[in-house]
Amino acid sequence: DTLLRIAPDDTDALARVAQVTFEHGSPKRAAELYQDLLSRFSSVLPTESRAKAHYRYGEALRLSGQLDASLEPLSEASELEPSAREPLISQALVYEAQEKWSEVIKVKTRHLDLATGEERVQLLIDIGDLASAKLNDRAQAAKSFVAALEDKPEDRRLLSKLMQLYSEEKDWNKLVEVVLRLAEFVDEPKQKVKYLHTAAIVTARQIGDPARALEFYEQVLTLEPRLDKALSEAVELEQARGNHAGVERLLKRKLDNAS
């Protein structure tokens, strides 16, 4: 503030003091300084400097708890510098604090246009989680998770999220597709058996495709020949189909296991 007393009408001096206060001082004081800078010198600031000033003004307001007031300068910063991520991140934090979940998703969706790599994947996961947990919009959630999966096709966390969503939506064919992808990506035999067994049960009971279900049961029993539950379920399917040869073959397997 000493610098401001010496040169109260110096744009650069005010901008420097505002920046230092923003980075190291009180958010409330930083907001006052940036408000002064913009009200007096906005017309002479270059576009990039004006955009940063609006962002820092808005962020200082947010940090000092003035959430509603922060949105206008943050929005102005985004308009002045559309490629800047910081104003979008701050806007999302404001809307999160206000529990305006639809607005959070809108801002994060705009951020997606600027993001690449891991940042883009995390944004898609955030959007999916919010759509599912806060808006109960499973369709949008699934769309976001699938988009993230395109960038990280072997991400078991994403596959597990989709498995849960498709199960809740009773979208059995997509559920089986995801479960099979999970089975592909695990090396531990017991975990692979678990996924394949799930695919077999859902295919038999929910989709009603016993022939395909039996293919999954065969894969399960190849990996874990002594899994009696899977053997019994496969026997029931063959009996329902009237395939006596299939029943006999599976019962022989059961007897071999017992001996």
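- Inter-residue side-chain proximity for Thr109 and Ile105 is flagged as met; some heavy-atom pair is nearer than 4.5 Å.
- Closest approach of Leu67 and Ala97 over heavy atoms only: CD1-CB, 3.8 Å.
- One finds the CG atom of Leu74 at 11.5 Å from the CD1 atom of Ile89 (value rounded to the nearest 0.5 Å).
- The backbone N or O of Asp228 sits less than 3.5 Å from a side-chain atom of Ser232, completing a donor-acceptor pair.
- Distance NZ/Lys108 to CG/Leu130: 7.0 Å, rounded to 0.5 Å.
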Side-chain polar contacts of residues 139-154 - donor-acceptor pairs under 3.5 angstrom, sequence neighbours left out - could you list them?
unit_1, atom_1, unit_2, atom_2, d
Ser144, OG, Gln140, O, 3.2
Asp151, OD2, Arg120, NE, 3.3

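- Residues Val179 and Trp172 share a single hydrophobic cluster, defined by chaining ILVMFWY side chains whose heavy atoms lie under 4.5 Å apart.
- The backbone N or O of Gln191 lies less than 3.5 Å from a partner atom in the side chain of Glu188, making a donor-acceptor pair.
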Q: Would you check, one step at a time, whether the test salt bridge (charged side-chain N to carboxylate O under 4.0 Å, His left out) holds for Arg85 with Glu119?
A: CA-CA 11 Å; Arg85 293 167 166 77; Glu119 182 186 24; 3.1 Å; yes
Q: Output, in order, the C-alpha distance, side-chain angles, deciding distance and verdict of side chain to side chain donor-acceptor pair (under 3.5 Å) for Gln219 and Glu215.
A: CA-CA 7 Å; Gln219 292 178 53; Glu215 291 175 8; 5.8 Å; no
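- Here the CG atom belonging to Leu14 is positioned 4.5 Å from the CG atom belonging to Leu37, to the nearest 0.5 angstrom.
- Using a 4.5 Å heavy-atom threshold, the side chains of Val176 and Phe216 count as touching.
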**Q.** Glu103 vs Lys106, salt bridge (charged side-chain N to carboxylate O under 4.0 Å, His left out): CA-CA, chis, key distance, verdict
**A.** CA-CA 5 Å; Glu103 296 301 322; Lys106 284 180 187 176; 3.4 Å; yes
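- Pairing each heavy atom of Phe22 with each of Ala60, the nearest pair is CE1-N, 4.1 Å.
- Across all their heavy atoms, Val220 and His197 have their closest contact at CG2-N, 3.5 Å.
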**Q.** Residues Lys161, Asp129; criterion salt bridge (charged side-chain N to carboxylate O under 4.0 Å, His left out); working and verdict
**A.** CA-CA 9 Å; Lys161 286 177 182 289; Asp129 285 341; 2.9 Å; yes
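- Of the possible polar contacts, none joining the Lys134 side chain to the Trp101 backbone as a donor-acceptor pair under 3.5 Å is found.
- With hydrogens and angles ignored, the 3.5 Å screen pairs no side-chain donor or acceptor of Lys28 with any backbone N or O of Ser64.
- Closest of all the heavy-atom pairs between Ile201 and Lys229 is CD1-NZ, 4.4 Å.
- Atom NZ of Lys52 is separated from atom CZ of Arg50 by 14.0 Å, given to the nearest 0.5 angstrom.
- Other residues, nucleotides and ligands contribute over 12 non-hydrogen atoms within 6.0 Å of the CD atom of Glu169.
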Name every donor-acceptor pair, under 3.5 Å, that has one atom in a side chain of residues 202-209 and the other anywhere in the protein, sequence neighbours excluded.
unit_1, atom_1, unit_2, atom_2, d
Thr203, OG1, Ala199, O, 2.6
Asp209, OD1, Arg212, N, 3.2

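- Pairs engaging residues 69-78 under the side chain to side chain donor-acceptor pair (under 3.5 Å) rule: Ser78-Gln91 [sequence neighbours left out].
- Using a 4.5 Å cut-off on side-chain heavy atoms (C-beta onward), Leu221 and Leu250 make contact.
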Q: Let me see the working for Glu23 and Gln19 under side chain to side chain donor-acceptor pair (under 3.5 Å), right down to the final yes or no.
A: CA-CA 6 Å; Glu23 292 174 350; Gln19 180 180 346; 3.1 Å; yes
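- For the pair Ser39 (side chain) and Asp36 (backbone), a donor-acceptor distance under 3.5 Å is present.
- When all heavy atoms of Ala69 and Leu61 are compared, the closest pair comes out as O-CD1, 3.6 Å.
- The hydrophobic cluster containing Leu114 also contains Ile127, counting ILVMFWY residues as joined when their side-chain heavy atoms lie under 4.5 angstrom apart, directly or transitively.
- Residues Val107 and Ile125 do not share a hydrophobic cluster, defined by chaining ILVMFWY side chains whose heavy atoms lie under 4.5 Å apart.
- To the nearest 0.5 Å, atom CG of residue Leu33 and atom CZ of residue Arg56 are 12.5 Å apart.
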Q. Would Lys252 and Asp256 count as a salt bridge (charged side-chain N to carboxylate O under 4.0 Å, His left out) if you check the C-alpha gap in whole Å, the side-chain angles of each, and the deciding distance to 0.1 Å?
A. CA-CA 6 Å; Lys252 185 177 182 303; Asp256 290 343; 3.4 Å; yes
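- Distance check, rounded to the nearest 0.5 Å: CD of Glu177 to CG of Leu182 gives 11.0 Å.
- Under the 3.5 Å distance criterion, the side-chain polar atoms of Ser90 are matched with a main-chain donor or acceptor of Glu86.
- Using a 4.5 Å heavy-atom cutoff, the side chains of Leu231 and Leu227 are not in contact.
- For the pair Lys100/Val104, no side-chain contact is recorded, criterion being any heavy-atom separation below 4.5 Å from C-beta on.
- Linking ILVMFWY side-chain heavy atoms closer than 4.5 Å, directly or via other members, places Leu196 and Leu214 in two distinct hydrophobic clusters.
- Here the closest non-hydrogen pair linking Ala77 and Pro87 is CB-CG, 3.8 Å.
- Remark: side-chain polar atoms of Ser160 are paired, donor with acceptor, to backbone N or O of Arg156 under 3.5 angstrom.
- Under the 4.5 Å side-chain contact rule for hydrophobic residues, Tyr217 and Leu255 do not share a cluster.
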